[in-house]
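One structure is given below, encoded as structure tokens.
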Amino acid sequence: MRNPVRDQVAIVGVGTTEYSRNSGKTRGGLVVEACRNALVDAGLRAEDVDGLCGSAFQASPQYVQQGLGLPAIRWWSTPPFPFSLVLTDAVNAVFSGACDVAVAYHSQFRTAATSGSAGATDPVRAVPDPGRTRDSHAHRQYFEPQRGLQGSYAGYMRRYMHTYGVSREAFGLVAINSRAHATRNPHACLRQPLSMEDYLAGRMVRDPMSLMDMDYAIDGGDALVVTTAERAQDMSDRYVLIDAMTYGQRESAEEDRYTSLDDIGQTIAADVLWRKTDLRLPDFDLFYLYDGFTVITLKWLESLGFCGVGEAGAFLADNWDSVRGEARLLGDAPLNANGGNLSEGAMQGSGHFRDAVVQLRGSAGDRQVPGARAAILAIGGLFTNSTIVTLRASS
Amino acid sequence: MRSTESAHEPSATPTPSAALVSIGIPIDYDSRQYWEGCLERRLLVTRCDQCGFWIHFPRHICPKCWGERVTPQEVSGQATLFSFVLYVQPGGDGYPVALVDLVEQEGLRLPCTVTDVPSSELVIGMPLELTWNEWRGVPVPAFGPVQQRRSGQTSRASQGAAPHA
């Protein structure tokens with residue numbers, strides 16, 4: 001399958017903000033702060049940037065351009081999240097020549113829509129989150145009178161448990177693994193250790209899904225600077241190359257329409273990936289498998305081919321390092337080394353990408369995965385937004 | 001089965017459509033007959049005249065044969081439970097939000113609640129039958145236990161249905 005973008009586009013800068021439950025900043029301000037930090041990291045000035053890409057729910061390209069004093073932008077786009085959709089749009093724009101230096105950005109701001117406690121004490125947060133409100137006709141006509149679509153992932157989890165005879169402990173391993181990494185990551189919001197007993201005692205919200213199965217709402221921002229591989233060579237010895245990018249979506253794309261547990265976009269994204277990249281699972285040193293809900297991570301393990309359907313929980317148990325209290329894949333590769341959405345904080349994948357870039361540049365400090373050369377980022381859920389990006393270190 | 005009331009002509013009296021919009025259900029030209037069926041406690045599902053494919057949520061072009069002759073038809077009300085979630089509020093019992101598959105076609109799925117079945121007795125794959133709940137005063141489909149039908153009794157799906165021209 002064609003993959004002309006391979007090794008042609010590079011990530012040359014990474015920036016973030018503090019991740020917290022209450023930043024005292026706006027969602028747009030968090031974006032601008034992360035973009036500034038990414039450009040400083042890349043050693044670039046305002047005049048060097050000619051492309052902007054990010055979810056308009058967080059900050060419009062106009063807002064970011066003004067906030068950073070960027071004199072001339074000649075390409076922009078506003079994809080929805082997860083962040084992989086933002087990054088891949090920026091990569092394609094650089095590859096096509098629509099722009100030469102694009103900043104891909106994302107932020108999150110905790111509101112009543114994503115965090116039950118957010119609106120209770122702070123009127124600033126008692127507002128609907130435009131990024132989470134499904135204002136489609138379908139939602140308002142068919143789901144709202146039935147009290148919501150939020151059950152879709154939990155409904156999938158129950159069907160998965162029923163079909164394969166899987167208990168909640170399988171999902172608990174995903175949560176415990178993410179937390180183990182977060183305890184060592186100063187950037188992470190949830191850093192107290194999590195035991196299986198703690199997991200099973202989590203407050204049930206969307207039975208069979210408890211708070212422990214759901215990502216942790218935070219304030220934060222991330223940004224990556226994207227340019228051509230040719231220009232990256234002139235800028236730094238250490239940058240990160242795009243290897244392959246795939247999406248997957250099926251006919252039954254709406255979250256409640258799947259006819260079977262494998263009637264999901266993940267399996268398309270994985271099938272296409274293995275035909276685009278020359279890398280294979282043992283070639284990767286870093287695995288970031290989306291953990292917005294624990295069931296998504298289990299399903300990514302199956303879709304990527306680590307194990308058969310319904311077997312991901314047993315696979316994690318078989319590949320569990322009981323000393324570290326986390327999974328180690330294919331010998332010694334970590335899973336969600338930043339702590340993921342579940343414990344570092346819910347950033348729709350931008351946290352996973354930020355950590356992958358830092359690790360592949362060899363600049364993760366005492367969290368550095370030794371010799372990390374390649375990363376696979378399977379970002380997004382089951383249905384409408386399954387994507388995979390593979391990254392390689394330049395040197 | 002199409003309503004004789006034209007959506008394009010002004011009317012002096014509030015139409016059922018206007019009443020639905022006023023309570024926050026933003027009906028459109030695809031869904032209008034579905035919701036007017038709900039007002040009569042009749043579950044209407046759009047079906048392709050050409051190939052017979054059932055289309056829910058309603059659309060005006062059939063996704064299977066691409067034809068554009070579609071008609072809402074009343075369904076049997078028989079279904080099976082595909083999956084369900086219990087919405088848990090602190091101090092309360094879980095409210096079941098379910099996905100049910102109508103027997104008319106594989107994957108013909110409705111989001112709805114399940115009534116009159118204790119949550120501990122909900123089992124994926126169990127048969128269910130149409131009943132009705134109310135939301136802001138409007139009947140909305142729900143599903144409950146299959147009723148033992150006596151000879152000559154009509155199905156619950158058609159009870160309460162107004163005579164239709």
Side-chain angles (χ1 to χ4, degrees), chain A residues 116-117 120 133-166 168 202-214 250-264 293 295 382-383, chain B residues 20-21 23-32 34-35 38 56-59 63-64 81-90 92-101 105-114 119-120 122-126 132-143:
Chain A
S117 59
T133 300
R134 290 175 176 271
D135 198 19
S136 70
H137 265 46
H139 177 68
R140 291 191 57 204
Q141 291 188 78
Y142 305 114
F143 292 106
E144 198 173 305
Q146 301 287 359
R147 292 181 53 178
L149 180 62
Q150 293 162 305
S152 56
Y153 277 86
Y156 184 96
M157 178 178 171
R158 185 182 298 281
R159 179 106 187 159
Y160 181 97
M161 295 169 75
H162 172 84
T163 301
Y164 301 121
V166 170
R168 291 192 61 232
R203 180 160 70 82
M204 199 54 82
V205 182
R206 297 281 182 266
D207 189 349
M209 195 177 273
S210 83
L211 279 179
M212 298 293 178
D213 295 298
M214 300 176 172
R250 289 193 184 274
E251 179 186 342
S252 56
E254 290 292 336
E255 293 186 352
D256 68 326
R257 302 279 115 172
Y258 55 95
T259 55
S260 78
L261 293 168
D262 289 303
D263 183 23
I264 56 175
F293 298 119
V295 66
L382 300 168
F383 308 110
Chain B
L20 288 164
V21 171
I23 63 161
I25 299 174
I27 58 164
D28 55 32
Y29 292 130
D30 284 336
S31 69
R32 183 165 152 265
Y34 166 84
W35 278 107
C38 287
H56 194 73
F57 308 123
R59 297 168 182 250
K64 286 299 172 201
L81 181 59
F82 183 80
S83 194
F84 64 97
V85 180
L86 302 175
Y87 280 31
V88 182
Q89 298 293 335
D93 292 336
Y95 176 86
V97 171
L99 299 173
V100 304
D101 280 358
Q105 180 174 289
E106 186 190 6
L108 183 60
R109 188 159 303 153
L110 262 65
C112 62
T113 193
V114 179
S119 58
S120 61
L122 291 170
V123 180
I124 286 174
M126 71 189 295
W132 293 88
N133 260 0
E134 287 210 347
W135 185 79
R136 297 183 186 172
V138 173
V140 294
F143 282 78

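Residue numbers start from 1 in every chain, and the chains themselves are labelled A, B, ... in the order their sequence lines are given, proteins ahead of strands.
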Fill in: Greatest number of heavy atom pairs closer than 4.5 Å to chain B - which of H162(A), R158(A), M157(A)
R158(A)

Item to complete: Look at T259(A), T163(A), D263(A) and state which one has the largest set of heavy-atom pairs under 4.5 Å with chain B.
Response: T259(A)

Worksheet item: Where does P141(B) contact chain A at under 4.5 Å (heavy atoms): side chain, backbone, both or neither?
Response: both

Fill in: Residues that E251(A) engages under salt bridge (Lys or Arg N to Asp or Glu O under 4.0 Å), provided they are two or more places apart
K64(B)

Worksheet item: Is it the side chain or the backbone of Y34(B) that comes within 4.5 Å of chain A heavy atoms, both, or neither?
Response: side chain

Practice prompt. Could I get the full list of side chain to side chain contact (heavy atoms under 4.5 Å, CB included) partners for V205(A), not counting sequence neighbours?
Written response: R203(A), L211(A), M214(A)

Item to complete: For R59(B), look at atom CZ and say whether over 12 heavy atoms of other residues, nucleotides or ligands are found less than 6.0 Å away.
Response: no

Worksheet item: Any salt bridge between R109(B) and D101(B), counting N to O under 4.0 Å?
Response: yes

